[in-house]
**Student:** 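Pasting in a structure now, in structure tokens, and then I'll have a few things to ask.
Keep in mind that this is a model prediction, so the values were computed, not measured.
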Amino acid sequence: MIELAPGQATSAVRALCPMSGYAWRRCVAVLDGSAGGRILTDDPAAPRWVGVQEFSDASVLFLAGSLDRDLVAGVIGRLRRERVVSVGLAPESSLQALLPHDFGEEGADIELEDRDPGVDLARLVVTPAGLRLVPIEQDLVPRCMWGPWMVASLETAVDYGLGYCLLEGDQVVAEAFAGPAVGGVLEMAVITREGYQRRGLATVVCARTILECERRRNRTWWNTGAANAGSLGLARKLGYRTERRFSVLVWRRRSA
């Protein structure tokens, strides 16, 4: 196996990679170098297969090309020495038959796109008393709670996306971020600090972030666990109306 750094994929490697299916824009972000990850292949100039892993919490692995069980097991075995490995599968996917059976978890995710412009986000941007709503700029990045949306590096996070947060004093209590951009489409991420939940803060920061994306003529999409009723409810409240369900298999990190 040959490993390429994010942003160093050849045109032949890129041509093999998926442009549809589960979280496929994360794969493209690694190829572009706007997200952290690993790119594995047999031959960068004339690849028969490609494996791309992105470095979010899920560490999703994308596999494409001429694959067999031994190859897939070898790729997953190599990657899980360092971090968790997840694979998302559409109902019609033929990849499932090639995956090793020693996964530790099986679940489901839902992706939501196609936000209804008729849903008025501006009315949801109401800053609670005692808090300040501000854009996430470089000086705020180190104070944010969640790193996966900044996986390329903390230094370049705001170069590839945008977000808003709510501050109480100098402390970030809720944050939303969209990015990295892939073809003008950005993935949403949101988190609220413990002790500040169930106050509608996630709605405020998400609505403001999406409004700014759309002002720039960009679109957004949303990924969440199928069992996460709160995240699903928020996405639907914000107007996302096209939903697709994927099964997700997870291989936990295993020491060499």
**Student:** When you group the ILVMFWY residues by side-chain heavy-atom contacts below 4.5 Å and let the links chain together, are Leu16 and Leu31 in the same group?
**Tutor:**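 Yes, Leu31 connects to Leu16 through the hydrophobic network.
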**Student:** Verify the cluster assignment for Leu61 and Val72: are they in a single hydrophobic cluster under the rule of side-chain heavy atoms below 4.5 Å apart?
**Tutor:**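 Yes, because Leu61 and Val72 connect within a single hydrophobic cluster, where side-chain heavy atoms sit under 4.5 Å apart.
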**Student:** So, Tyr240 and Thr220: side-chain donor and acceptor under 3.5 Å apart, yes or no?
**Tutor:**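 Yes, Thr220 and Tyr240 have a side-chain donor paired with an acceptor closer than 3.5 Å.
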**Student:** Distance only, no hydrogens: is a donor on one side chain within 3.5 Å (strictly under) of an acceptor on the other, for Asp57 and Trp146?
**Tutor:**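 Yes.
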**Student:** For the backbone of Asp170 and the side chain of Arg143, can you confirm whether one donor and one acceptor N or O come within less than 3.5 Å of each other?
**Tutor:**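 Yes, Arg143 side chain to Asp170 backbone: donor-acceptor pair under 3.5 Å.
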**Student:** Quick one: CH2 on Trp24 to CH2 on Trp221, what's the gap to the nearest 0.5 Å?
**Tutor:**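 The CH2 atom of Trp221 is 9.5 Å from CH2 of Trp24, to the nearest 0.5 Å.
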**Student:** Could you tell me whether a side-chain N or O of Thr127 sits under 3.5 Å from a main-chain N or O of Arg132, the two making a donor and an acceptor?
**Tutor:**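 Looks like no, no N/O pair under 3.5 Å.
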**Student:** Say you draw a straight line from CD of Glu194 to CD of Gln197; how long is it, rounded to the nearest 0.5 Å?
**Tutor:**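 Between Glu194 CD and Gln197 CD, I get 6.5 Å after rounding to 0.5 Å.
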**Student:** Answer yes if Leu234 and Leu211 sit in the same cluster of Ile, Leu, Val, Met, Phe, Trp and Tyr residues linked by side chain heavy atoms under 4.5 Å apart, and no otherwise.
**Tutor:**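 Leu234 clusters together with Leu211.
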**Student:** Distance from Lys237 atom NZ to Leu121 atom CG, nearest 0.5 Å?
**Tutor:**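 With rounding to 0.5 Å, NZ (Lys237) is 10.5 Å from CG (Leu121).
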**Student:** Ala226 and Leu232: which non-hydrogen atoms are nearest, and at how many Å?
**Tutor:**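 Scanning both residues, the minimum pair turns out to be O-CD1, 3.5 Å.
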**Student:** Are any side-chain N or O atoms of Arg115 and backbone N or O atoms of Leu238, one a donor and one an acceptor, separated by less than 3.5 Å?
**Tutor:**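 Such a contact is found between Arg115 side chain and Leu238 backbone.
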**Student:** Are Arg245 and Tyr22 close enough, and set up right, to give a side-chain contact (heavy atoms from CB on, under 4.5 Å), and what steps lead you there?
**Tutor:** CA-CA 9 Å; Arg245 185 183 181 97; Tyr22 177 78; over 6 Å; no
**Student:** Please check if the side chain of Glu111 supplies one atom and the backbone of Ala23 the other of a donor-acceptor pair under 3.5 Å.
**Tutor:**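 Judged by distance alone, yes, a pair lies under 3.5 Å.
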**Student:** Side chains of Trp49 and Leu40: closer than 4.5 Å at any heavy-atom pair?
**Tutor:**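 Yes. Closest side-chain heavy atoms under 4.5 Å.
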**Student:** How far apart are the closest heavy atoms of Val13 and Pro44, and which atoms are they?
**Tutor:**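 Result for this residue pair: CG2-O, 3.8 Å.
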**Student:** Cys17 versus Val28: any side-chain heavy-atom pair under 4.5 Å?
**Tutor:**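 A side-chain contact is absent here, since even the closest heavy-atom pair is not under 4.5 Å.
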**Student:** Taking only Lys NZ, Arg NE, NH1 and NH2, and the carboxylate oxygens of Asp or Glu, determine whether Glu175 and Arg193 approach each other closer than 4.0 Å.
**Tutor:**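 Judged by the 4.0 Å cut-off on N to carboxylate O distance, Glu175 and Arg193 do not form a salt bridge.
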**Student:** Indicate yes or no for a side-chain donor-acceptor contact from Ser59 to the backbone of Phe55 under 3.5 Å, with no hydrogens or angles considered.
**Tutor:**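 No: the side chain of Ser59 does not pair with the backbone of Phe55.
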**Student:** Would you check if Tyr196 and Gln171 make a side-chain contact, meaning some heavy-atom pair closer than 4.5 Å?
**Tutor:**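 Yes, their side chains come closer than 4.5 Å.
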**Student:** Do Glu54 side-chain atoms and Val60 backbone N/O form a donor-acceptor pair below 3.5 Å?
**Tutor:**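 Here the side-chain-to-backbone pair exists.
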**Student:** Using the rule that two of Ile, Leu, Val, Met, Phe, Trp, Tyr join whenever any of their side-chain heavy atoms come within less than 4.5 Å, decide whether Leu99 and Leu71 are in one cluster.
**Tutor:**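 In one cluster with Leu99: Leu71, yes.
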**Student:** Checking the side chain of Asp32 only, and the main-chain atoms of Ser34 only, is there a donor and an acceptor separated by less than 3.5 Å?
**Tutor:**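 Checked: no pair found.
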**Student:** Hey, is the main chain of Tyr164 close enough, under 3.5 Å, to the side chain of Thr209 for a donor-acceptor pair?
**Tutor:**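 Present.
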**Student:** Restricting to non-hydrogen atoms, name the atom on Ser93 and the atom on Leu89 that form the minimum distance, rounded to 0.1 Å.
**Tutor:**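 Shortest heavy-atom contact: OG-CD2, 3.5 Å.
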**Student:** Any salt bridge linking Arg38 with Glu82? Criterion: basic side-chain nitrogen under 4.0 Å from a carboxylate oxygen.
**Tutor:**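 Yes.
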**Student:** Kindly indicate, with the supporting measurements, whether the criterion side-chain contact (heavy atoms from CB on, under 4.5 Å) is fulfilled by Val119 and Asp116.
**Tutor:** CA-CA 6 Å; Val119 174; Asp116 182 359; 4.0 Å; yes
**Student:** Regarding Asp109 and Arg244, does a basic nitrogen lie under 4.0 Å from an acidic carboxylate oxygen?
**Tutor:**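 Looking at Arg244 together with Asp109, the answer is no, because their closest N to O distance does not fall below 4.0 Å.
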**Student:** In Å and rounded to the nearest 0.5 Å, what is the CD to CD1 distance from Glu243 to Ile110?
**Tutor:**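 Answer for the CD-CD1 pair, Glu243 versus Ile110, is 5.5 Å.
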**Student:** Between atom CE of Met188 and atom OG1 of Thr224, what is the distance when rounded to the nearest 0.5 Å?
**Tutor:**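 The OG1 atom of Thr224 is 12.0 Å from CE of Met188, to the nearest 0.5 Å.
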**Student:** Run the side-chain contact (heavy atoms from CB on, under 4.5 Å) test on Val190 and Val205 for me, step by step, so that the C-alpha distance in whole Å, both residues' side-chain angles and the decisive distance to 0.1 Å come before the verdict.
**Tutor:** CA-CA 8 Å; Val190 62; Val205 291; 4.0 Å; yes
**Student:** Grab the two heavy atoms, one from Met19 and one from Arg14, that are nearest each other, plus how far apart they are.
**Tutor:**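 Here Met19 and Arg14 meet closest at CE-O, 4.4 Å.
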**Student:** Mark yes or no for whether Thr156, through its side chain, and Asp159, through its backbone, hold a donor-acceptor pair below 3.5 Å.
**Tutor:**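 No; zero donor-acceptor contacts below 3.5 Å.
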**Student:** Would Asp102 and Arg80 satisfy salt bridge (Lys or Arg N to Asp or Glu O under 4.0 Å), going step by step from the backbone distance to the final call?
**Tutor:** CA-CA 12 Å; Asp102 61 341; Arg80 69 187 294 202; 3.1 Å; yes
**Student:** Check the pair Arg252 / Val250 against side-chain contact (heavy atoms from CB on, under 4.5 Å), numbers first and verdict last.
**Tutor:** CA-CA 6 Å; Arg252 289 298 172 190; Val250 181; 4.0 Å; yes
**Student:** Given Glu187 and Arg26, is the salt bridge (Lys or Arg N to Asp or Glu O under 4.0 Å) satisfied, shown in steps?
**Tutor:** CA-CA 9 Å; Glu187 181 175 5; Arg26 296 183 190 172; 2.6 Å; yes
**Student:** Determine, for Glu3 against Arg78, whether the closest basic-nitrogen to carboxylate-oxygen distance falls under 4.0 angstrom.
**Tutor:**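 Yes, this pair counts.
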**Student:** Restricting to non-hydrogen atoms, name the atom on Arg69 and the atom on Ala97 that form the minimum distance, rounded to 0.1 Å.
**Tutor:**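 That would be NE-O, 3.2 Å.
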**Student:** Minimum heavy-atom separation for Arg241 to Asp114, with atom names?
**Tutor:**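 Minimum heavy-atom contact is CG-O, 2.8 Å.
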**Student:** Just so I know, are the side chains of Leu131 and Leu167 near enough to count as touching, which here means a heavy-atom distance under 4.5 Å?
**Tutor:**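 The answer is no, as the side chains (C-beta and beyond) never meet within the 4.5 Å cut-off.
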**Student:** A side-chain contact here means heavy atoms from C-beta on lying under 4.5 Å apart; do Val50 and Val52 qualify?
**Tutor:**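 A side-chain contact under 4.5 Å exists here.
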**Student:** Does one hydrophobic cluster hold both Leu67 and Val75, with members joined at side-chain heavy-atom distances below 4.5 Å?
**Tutor:**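 Yes; Val75 is reachable from Leu67 via cluster members.
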**Student:** Could you measure the distance from the SG atom of Cys165 to the CG atom of Leu133? Nearest 0.5 Å is fine.
**Tutor:**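 Between atom SG of Cys165 and atom CG of Leu133 there are 7.5 Å.
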**Student:** Go through the side-chain N and O atoms of Trp251 and Ser86 and say whether any donor and acceptor fall under 3.5 Å apart.
**Tutor:**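 There is no such pair (donor and acceptor under 3.5 Å, judged by atom type) between the side chains of Trp251 and Ser86.
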**Student:** Using modelled atom types only, decide if a donor and an acceptor are shared between the side chain of Arg253 and the backbone of Val84 within a distance under 3.5 Å.
**Tutor:**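 Pair absent, no side-chain N/O of Arg253 close to backbone of Val84.
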**Student:** Is there side-chain contact between Leu162 and Ile136, with heavy atoms separated by less than 4.5 Å?
**Tutor:**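 Sidechains of Ile136 and Leu162: no contact.
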**Student:** Mind checking whether Val248 and Glu105 have side chains closer than 4.5 Å, heavy atoms only?
**Tutor:**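 A side-chain contact under 4.5 Å is absent here.
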**Student:** What I'd like to find out is whether the side chain of Leu166 reaches to under 4.5 Å of the side chain of Val172, using heavy atoms alone.
**Tutor:**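 Heavy-atom side-chain distance check fails, nothing below 4.5 Å.
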